[in-house]
Engineer: 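I'd like to ask you about the structure that follows.
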Amino acid sequence: MRLFVTAALMACLVTNAAFAQIKIGAIISITGPTAALGVGYKNAFATFPDTIDGKSVTYIIRDDAADASQAVSIAQRMIEEDHIDALIGPSLTSAALAVQPILNAAKVPMIATSPLDYDPVKYPYTFSAVQPVGLMVDAVVADMKKRGVKTLGYVGYADGFGDQVFDATKAAAVKDGIEVVANERYARTDTSAESQVLKVLSKKPDAVMIGGSGTPGTLPVAALHRRNYKGLVYGNHGMVSPAFLKVGGPAVDGIIAVTGPVVVFDQLPDSAPTKGPATTFMTALIGKFGPDSVSPFAGYSEDGLLLLQGAIPTALKSAQPGTEAFRVALRDALEKTNGLVGTHGVYTMSPTNHNGMDDRARVLVQDVDGQWKLIP
Amino acid sequence: MDQTIVLALLQDGLTTGAIYVLLAVGLLIAFSVTRVIFIPQGDLVSFAALSLAAMIGHQVPGTLWLLDGLCAIALVLGLARGRWRSVLPYGAAPAVLTLACWAASRYGAPSPVMMVLAIVVVTALGPLLYRFAYQPLGESSMLALLIVSMALHFVLIGIGLYCFGAEGVSTPALTDASFSIGSADVSGQSLCVGGVCVLMVGLLRWFFVRTLFGKALRAAASDRLGARLIGVDHATSGQAAFALASAAAAISGVLIAPITPLSYDTGFEIGLKGFVAAVIGGLASYPIAAAGALLVGVLESFSGFWASEYRNVIVFSLLIPVLVWLSLARGDSEDRA
């Protein structure tokens, strides 16, 4: 009996000590079909600080293997067992949509690192550190209009991401008077997009928009190159990574894509507000993982941290970490974020806008001789 | 849809179809001798491509360490049982191979040499996987062996992700030549793939018909108990069958690596389509499986043109009419002992 009481008392002491520190959870798809993106998200955490505003911080990173139901069970465990104060992630849109209701019910602020359509009124605890797909695609279509493109073909993934990019492309194209003449899809694990490209080419578009990401995004571009396509090739922000260039090789030369400024941090003009945070972060990341680790996805994790770093001092004034009052205060402080400069853009949140990014969050880049070059 | 498009689609379809022929034939050999449906064959396709890309990128491929690890365990087991002759296949041979791969990745080597090394490394994995994963199961039912195959697939995927990372790789083309036949452009790479496939099928046929070891394998395939009675060793025939299946996978991997970016998880789908082709052959007939493989490749190509979103659905749905027809045509047939 005495042993039990002692053990119980000691357990209380241990958990008490844990409550004084801030716990930030992260759900990342480190394995699974989007593992290539997951590596970037995860690497950023190695550069994160151990203390924020004097309180020690622990980061709990778990892998959802690109499975929304696994993300849900991880989120529940993080809330009930680990008592996290905030969540950075999930890195997969379908997982983010699945965990959103749970985190909102438990009043845990989540900063999603994947593009998702959020509703700040229904889910006030959801924030997004990722440029909305529409914001990015608009820049691409605006460039098409500038270069006189009249007809556009689309080759993208046959999943949620491919749909998102297509819907954004179609909406922007209709607004700018460009006709979308082809909409072909392929799967991430396909070995060839030849037939889809042939179908698009039979409609003879002036430009082709690619809705892929990572290395499978090179499939349609390589097929277009093989068929000697002479028009313009455009990509989305999921394709801007060193691996894409390495695997694509000379076949992807000349492709124009949109991305967050963090990827070309060393080419940004000094007047760009994101140059400072982007350079600091990327230098730290390259120092740990080498030049091939430059990834827009690492930038999203970092922006999640920067947003929390901006909001935690305010929240600490009214409550202790590990309590619901702290989380509520954290959410309120996040919502008041004004002009916070991250690596991807400048964030200004409001009760109706939980993303807060504007057109300073995007730049156009072109692949010139195996490097992404900023288009001024 | 004019003639150039049809010819382009046919070319694309027949190239991938040739790969599926190799995989289907390998799968059939493994199945007929050991009754194992070797699903991880697709993962071995990725392993071959990833190992080749790693060596070209001056890194020692992780598959080599897997091979060395398994050989070390086999060596220890063999020596503990007093079989001194196991030093040669499980000690000396992997040591030589490791040295060769290390030298090739460190100092560079001509492209054909690195391809051969990648093929040898992955081919050697096949019998070792059989020895450790399937041989202990002995006379288990086909279902148990299939479940082990699925488990082995997940293990290999995990190893692939750990050793090679999540990004895809691509290797330099075997040849950049391109010929114009009529109104179509035929790439030299596609001709290479087709040529190697025909060569391999011919070699296998010669092996099974003309050599004693091949005949022993055929005997083991048709009646295992009878083959054991006349002295065809059960373990050796199983390992040889798996060596052939993984050789087919390795050669396929090295052939398609220049054409498409392969990552640790794309091989599985390629292997599955090879399995569809093998099922078309009723998991018994080689010529029908080969024809089925070409059909799968061409169907995949054309449905990618007509209904690109449903391409994989169409290809895998091909299984349904085939299975219905096979069960109606075969009627009641007892499972072979």
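All chains are named by letter (A, B, ...) in the order of the sequence lines, taking the proteins before the strands, and each is independently numbered beginning at 1. When reading the values below, keep in mind they use all heavy atoms of this one structure, side chains included, and skip hydrogens, waters and symmetry mates.
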Engineer: Identify which part of B/Ser303 has an atom lying under 4.5 Å from any heavy atom of chain A, answering side chain, backbone, both or neither.
Structural biologist: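 For B/Ser303, there is no contact with chain A at all, as no heavy atom is under 4.5 Å.
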Engineer: With a 4.5 angstrom heavy-atom cut-off, which part of A/Ile30 approaches chain B: side chain, backbone, both or neither?
Structural biologist: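 Backbone only.
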Engineer: Nearest 0.5 Å please: distance from the CZ atom of A/Arg226 over to the CG atom of B/Asp12.
Structural biologist: 7.5 Å
Engineer: Rounded to the nearest 0.5 Å, what separation is found between the CZ atom of A/Arg188 and the OG atom of B/Ser263?
Structural biologist: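 Between A/Arg188 CZ and B/Ser263 OG, I get 11.0 Å after rounding to 0.5 Å.
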Engineer: Keeping the roles fixed (side chain from B/Ser308, backbone from A/Arg185), state whether a donor-acceptor pair exists under 3.5 Å.
Structural biologist: yes
Engineer: Please state whether the side chain, the backbone, both or neither of A/Ala222 comes within less than 4.5 Å of a heavy atom of chain B.
Structural biologist: neither
Engineer: Working to the nearest 0.5 Å, report the span between OG1 of A/Thr31 and OH of B/Tyr162.
Structural biologist: 15.0 Å
Engineer: Provide the closest heavy-atom pair for A/Ser195 versus B/Arg311 in the form atom of the first, atom of the second, distance.
Structural biologist: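 Result for this residue pair: OG-NH1, 3.9 Å.
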Engineer: Using non-hydrogen atoms and a 4.5 Å limit, figure out which bit of A/Ser192 sits close to chain B: side chain, backbone, both or neither.
Structural biologist: both
Engineer: Is B/Glu309 close to chain A through its backbone or its side chain, or both, or neither, when contacts mean heavy atoms under 4.5 Å?
Structural biologist: both
Engineer: Check step by step if side chain to side chain contact (heavy atoms under 4.5 Å, CB included) holds for B/Glu269 and A/Asp190.
Structural biologist: CA-CA 8 Å; B/Glu269 209 178 273; A/Asp190 270 354; 3.5 Å; yes
Engineer: Say you draw a straight line from CD1 of B/Ile270 to OG1 of A/Thr189; how long is it, rounded to the nearest 0.5 Å?
Structural biologist: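 It comes to 9.0 Å.
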Engineer: Which answer fits B/Asp265, side chain, backbone, both or neither, if we ask what part of it has an atom under 4.5 Å from a heavy atom of chain A?
Structural biologist: both
Engineer: Counting only non-hydrogen atoms closer than 4.5 Å, does B/Phe268 touch chain A with its backbone (N, CA, C, O), its side chain (CB onward), both, or neither?
Structural biologist: neither
Engineer: With side chains defined as the heavy atoms from C-beta onward, is the minimum distance between B/Ile259 and A/Thr191 less than 4.5 Å?
Structural biologist: no
Engineer: If you draw a 6.0 Å radius around NZ in A/Lys199, do more than 12 non-hydrogen atoms from other residues or ligands fall strictly inside?
Structural biologist: yes
Engineer: Which of the residues B/Ser170, B/Gly168, B/Ser187 is involved in the greatest number of heavy-atom pairs with chain A at under 4.5 angstrom?
Structural biologist: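 Going by pairs under 4.5 Å, I would pick B/Gly168.
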